[in-house]
Amino acid sequence: MKILKLVSVFVAVLSFAACTKDEKPSNSGKLDDKVISEQVIAESASASFAYPLSMASEKLQTKAGQTKSIVTFNETYPVITIDFEHLKVTIDFGTTGVLCPDGSTRSGVLTVTASALQLQAGVVYTVTSSNYKVNGFLVTGTITNTALKVFGNFILKSTINEDIVITYPNQQATITRKATFTREISTDLTNLTVSIFGSATIVGTDGVKRTQTVAESTPLIYSVNANEVVKGIMILQIEGSSIIWTIDFGDGTPDKTYTISNGTNTWTVTEG
């Protein structure tokens, strides 16, 4: 699942909002290159948990036929240890960094603890970390994923709570991200989609808070086949600015086009 594609959406939106004064009104807010960079780092760190969590959930389902309470999988990447007795999966990416299938380089250790062995609605997965780094950035904190709908060994719908801190490689600055959102994967293989709604608050290195909100009634719909967000509305607000940015991704048509409004003017943006 190309969840990281959603990150590029935020990059495009923020880049547009950071255009020059000649392109937009002078009160365009506090979006500069530094803010854009921090937003991308925070979104990427958040997205990086999707792959390991899915892997841990899948490994817990291998209990059938196992005679040992602890099983270790020595794979090309990473070393996975399953503690069936305590419903815990430890994913060790090592210290030098491993390039994973989703394109991120990870190092350190993630521990995923489940509230039940069998994957079913209501199961809660809690993710903690130890010296866990994504593309060189240290990510600490806790993420919980509560399954709402499942199919076989797959979580189709879940509510995710994040409270993470991202520390720069030089350890001189941090970014925080707190979020609650619901993600659902469709079962229509001819039109596979991922929908997301909820809110996230990111505090940058300068202490400025940025809030992005997607209502349940207008979720972001990501088309896997088209590899783009094709529908939904996102609201973006920057602390200290009176502007409320509205990003509308359209009616479901995969045209790589969306509109951005600041309440006074509206622009149409087409991805290259």
Side-chain angles (χ1 to χ4, degrees), residues 1 3-4 6-7 10 38-60 78-95 97-98 100 102 104-117 119-148 150 155 157-169 171 173-184 196-205 207 209-214:
M1 200 64 62
I3 298 298
L4 284 173
L6 293 174
V7 175
F10 299 120
E38 291 177 358
Q39 195 85 1
V40 173
I41 291 168
E43 295 293 345
S44 297
S46 169
S48 78
F49 285 92
Y51 163 67
L53 198 149
S54 174
M55 181 166 46
S57 171
E58 179 183 350
K59 291 299 185 184
L60 279 173
V79 177
I80 304 173
T81 301
I82 310 172
D83 183 342
F84 290 110
E85 181 180 356
H86 299 98
L87 305 179
K88 183 170 65 176
V89 178
T90 301
I91 307 172
D92 189 346
F93 294 96
T95 59
V98 175
C100 298
D102 63 357
S104 292
T105 298
R106 294 173 172 84
S107 62
V109 178
L110 287 179
T111 300
V112 182
T113 304
S115 63
L117 177 63
L119 179 57
Q120 57 189 341
V123 173
V124 179
Y125 296 92
T126 301
V127 185
T128 56
S129 63
S130 176
N131 202 33
Y132 174 61
K133 295 181 180 179
V134 182
N135 300 324
F137 290 84
L138 178 67
V139 184
T140 58
T142 302
I143 287 182
T144 60
N145 184 309
T146 303
L148 302 177
V150 303
I155 299 176
K157 184 177 182 179
S158 61
T159 294
I160 301 163
N161 290 283
E162 296 179 356
D163 189 351
I164 60 176
V165 177
I166 304 104
T167 302
Y168 278 68
Q171 300 183 348
T174 60
I175 305 168
T176 64
R177 173 183 160 99
K178 294 185 178 182
T180 298
F181 57 95
T182 298
R183 181 171 63 217
E184 183 170 9
I196 296 177
F197 67 85
S199 62
T201 298
I202 296 170
V203 179
T205 58
K209 181 168 61 176
R210 284 94 73 177
T211 302
Q212 55 201 40
T213 305
V214 176

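Note that the coordinates shown come from a computational prediction; the quantities given were computed from them, not determined experimentally.
Side-chain contact between Ile175 and Tyr168 is present, with heavy atoms from C-beta onward closer than 4.5 Å. A 4.5 Å side-chain heavy-atom check between Thr95 and Ser107 finds every atom pair outside the cut-off. Using a 4.5 Å heavy-atom cutoff, the side chains of Ser57 and Ile155 are in contact. With a 4.5 Å cut-off on side-chain heavy atoms, Arg106 and Pro78 do not count as touching. Put simply, the side chain of Thr81 does not reach to within 4.5 Å of the side chain of Asp92, judged on heavy atoms. Between Val127 and Leu110, the closest side-chain pair of non-hydrogen atoms falls below 4.5 Å. A 4.5 Å side-chain heavy-atom check between Val214 and Ile196 finds every atom pair outside the cut-off. Using a 4.5 Å heavy-atom cutoff, the side chains of Phe137 and Ser44 are not in contact.
To the nearest 0.5 Å, the span separating OG1 on Thr144 from CD on Glu162 amounts to 9.0 Å. In this structure, Lys209 NZ and Lys178 NZ are separated by 10.0 Å, a value rounded to the nearest 0.5 Å. In this structure, Lys59 NZ and Ile80 CD1 are separated by 5.0 Å, a value rounded to the nearest 0.5 Å. In this structure, CD1 on Ile143 lies 9.0 Å from OG on Ser129, to the nearest 0.5 angstrom. With rounding to the nearest 0.5 Å, the separation of NE2 in His86 from OG1 in Thr111 is 13.5 Å.
For Phe197 and Phe181, the ring centers are positioned 6.0 Å apart or more.
When all heavy atoms are compared, the tightest approach of Ser199 to Thr213 is CB-OG1, 4.0 Å. Closest approach of Ala121 to Leu148, counting heavy atoms only: CB-O, 3.5 Å. Contact detail for Ala179 and Ala200: the closest heavy-atom pair is CB-CB, 3.6 Å.
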Test side chain to side chain contact (heavy atoms under 4.5 Å, CB included) applied to Glu43 and Ile202, step by step: CA-CA 9 Å; Glu43 295 293 345; Ile202 296 170; 3.9 Å; yes
Residues Leu60, Leu119; criterion side chain to side chain contact (heavy atoms under 4.5 Å, CB included); working and verdict: CA-CA 9 Å; Leu60 279 173; Leu119 179 57; over 6 Å; no
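Side-chain atoms of Glu38 come within 3.5 Å of backbone atoms of Thr205 as a donor-acceptor pair (strictly under, hydrogens ignored).
Side-chain contact, Tyr125 with Ser158: no donor N or O sits under 3.5 Å from an acceptor N or O.
Residue Lys133 forms a side-chain contact (heavy atoms from CB on, under 4.5 Å) with just one option from Leu138, Thr167, Ile166, and that option is Leu138. Of the options Asn145, Val139, Ile160, a side-chain contact (heavy atoms from CB on, under 4.5 Å) to Phe49 is made by Val139 and by none of the others. The only option from Thr142, Thr126, Thr180, Thr146 that meets the side-chain hydrogen bond (donor to acceptor under 3.5 Å, both in side chains) definition with Asn161 turns out to be Thr180.
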